[in-house]
Amino acid sequence: MNSVVLEGTMSYKSIRLFSALNIERIYTFYLADYDSNFNFAGESHDMWELACVRHGNMGITSGTEIYYCTKDELVIHPPGAFHKAWATDGNVTILTVSFSGTRTERFVPKGKFVLTESERMIVELIEKNVVCGTDDIAIERKYEIEQMIKNLLECLCLSLNMRKNENATPDRYGSAAVFAEAVGYLTRNVDRALTIEIICRECAIGKTALKELFNKYAGIGVIKYYNILRV
């Protein structure tokens, strides 16, 4: 802590500030509308991804978990988590941001959250900057927009992390529970050369039911999903 004294004035003390979280790169950043047939096949990558529902209702797979979200609810996928999304009842609007940075493992939470009023305000400010990063704006303006996006994302993640014990419980009933159990088995056995027959036997599920399960929650076949985990 430093002290500064100006002639004829009082003494001021300063506190040096440090960054807990530093978001350094953004890979995708868009607000998109989808119709009732929206069904994203799913993917896995090495950066964080935030998906916030701005309108409508949708289902989201994140690793072994299944979430059902409505307006002002979001899901954060950690790096490496296979994720999929689909509309459940009419059209949907989704804000999607994927990013990386330092100390993200410590300060970016995982799972589903219902936004508070202050967090909704942050998301609205992020939305306003989605269409601002075009090439025809002055470079100074571009830097300002990028700085705002960075700061807003860090504020949102830090706010969510401060109440990470409040993250919503995933759907662990019925087919969602069976999917979670199957993915858990695949994850624990990535060092083996599993076949559909072995997976069906160990998870006590038939081939047809297993195929339908992974098509619904992963958008791909079980062996392809298993190979992604192994990679």
Side-chain angles (χ1 to χ4, degrees), residues 20-21 23 26-43 45 47-79 81-101 104 106-133 145-174 176 180 216-217 219:
L21 170 65
I23 293 179
I26 292 179
Y27 300 88
T28 56
F29 181 56
Y30 57 89
L31 181 70
D33 298 316
Y34 302 97
D35 62 24
S36 58
N37 295 318
F38 171 66
N39 194 324
F40 173 60
E43 65 179 356
H45 46 63
M47 57 270 198
W48 293 82
E49 185 167 305
L50 179 155
C52 182
V53 180
R54 305 302 293 135
H55 170 77
N57 301 282
M58 62 184 298
I60 298 177
T61 298
S62 183
T64 62
E65 310 294 8
I66 311 298
Y67 301 98
Y68 289 95
C69 303
T70 188
K71 178 177 169 54
D72 294 329
E73 296 180 351
L74 63 76
V75 174
I76 298 180
H77 311 291
F82 188 91
H83 50 280
K84 178 184 185 298
W86 63 97
T88 59
D89 183 22
N91 300 343
V92 294
T93 302
I94 312 168
L95 173 67
T96 303
V97 185
S98 58
F99 59 91
S100 64
T104 51
R106 170 65 179 83
F107 293 105
V108 179
K110 307 160 189 166
K112 172 186 171 181
F113 290 85
V114 180
L115 298 178
T116 63
E117 183 177 354
S118 59
E119 290 164 353
R120 287 197 298 271
M121 293 175 64
I122 296 174
V123 169
E124 290 171 1
L125 289 172
I126 292 174
E127 278 186 17
K128 290 180 180 179
N129 289 282
V130 167
V131 295
C132 293
I145 292 170
E146 291 177 350
Q147 181 72 58
M148 286 183 63
I149 293 170
K150 168 184 168 62
N151 290 352
L152 289 168
L153 280 174
E154 290 173 349
C155 285
L156 179 60
C157 290
L158 290 169
S159 177
L160 294 172
N161 191 63
M162 288 177 67
R163 59 188 193 89
K164 59 187 175 184
N165 293 331
E166 301 174 27
N167 57 346
T169 303
D171 180 7
R172 293 199 177 105
Y173 301 95
K216 178 178 180 179
Y217 293 124

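Computed from a prediction, not measured in an experiment: that's the story for all the values here.
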Tell me, please, which residues at least two apart from [X] pass side-chain hydrogen bond (donor to acceptor under 3.5 Å, both in side chains).
X	answer
N91	none
S118	T116
T104	W48
Y68	none

Looking at [X] and [Y], what are the two nearest heavy atoms and their distance?
X	Y	result
T64	A180	O-CB, 3.3 Å
R163	V114	NH2-O, 2.6 Å
I60	H77	CG2-CE1, 3.5 Å
L125	N129	O-ND2, 2.8 Å

- Item | Side chain proximity check, T61 to W86, heavy atoms < 4.5 angstrom |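 A side-chain contact exists here, since the closest heavy-atom pair is under 4.5 Å.
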[X]: what forms a salt bridge (Lys or Arg N to Asp or Glu O under 4.0 Å) with it, not counting sequence neighbours?
X	result
E124	none
E43	none
K112	E73

- Message: Could you tell me if Y67 and S62 have a donor-acceptor pair between their side chains, going purely by distance under 3.5 Å?
- Response: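 Absent: no donor and acceptor within the cut-off.
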- Message: Rounded at 0.5 Å granularity, tell me how far OH in Y30 sits from CD in E127.
- Response: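 Between atom OH of Y30 and atom CD of E127 there are 14.0 Å.
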Quick one: list whatever passes ring-ring contact (aromatic ring centres under 6.0 Å, His included) with [X], sequence neighbours left out.
X	value
F40	none
F82	Y225
F107	none

- May I have all residue pairs that pass salt bridge (Lys or Arg N to Asp or Glu O under 4.0 Å) and include part of residues 83-98, sequence neighbours excluded?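 For residues 83-98, and leaving out neighbouring residues, there are no salt bridge (Lys or Arg N to Asp or Glu O under 4.0 Å) pairs at all.
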- Task: Report the C-alpha distance between L115 and C52 in whole Å, list the side-chain angles of each, state the deciding distance to 0.1 Å, and finish with yes or no for side chain to side chain contact (heavy atoms under 4.5 Å, CB included).
- Result: CA-CA 9 Å; L115 298 178; C52 182; 3.9 Å; yes
Under 3.5 Å, which donor-acceptor pairs do the side chains of residues 152-162 form with other protein atoms, sequence neighbours left out?
{"from": "E154", "atom 1": "OE2", "to": "I23", "atom 2": "N", "distance (Å)": "2.9"}
{"from": "E154", "atom 1": "OE2", "to": "K150", "atom 2": "NZ", "distance (Å)": "2.8"}
{"from": "S159", "atom 1": "OG", "to": "E119", "atom 2": "OE2", "distance (Å)": "2.6"}

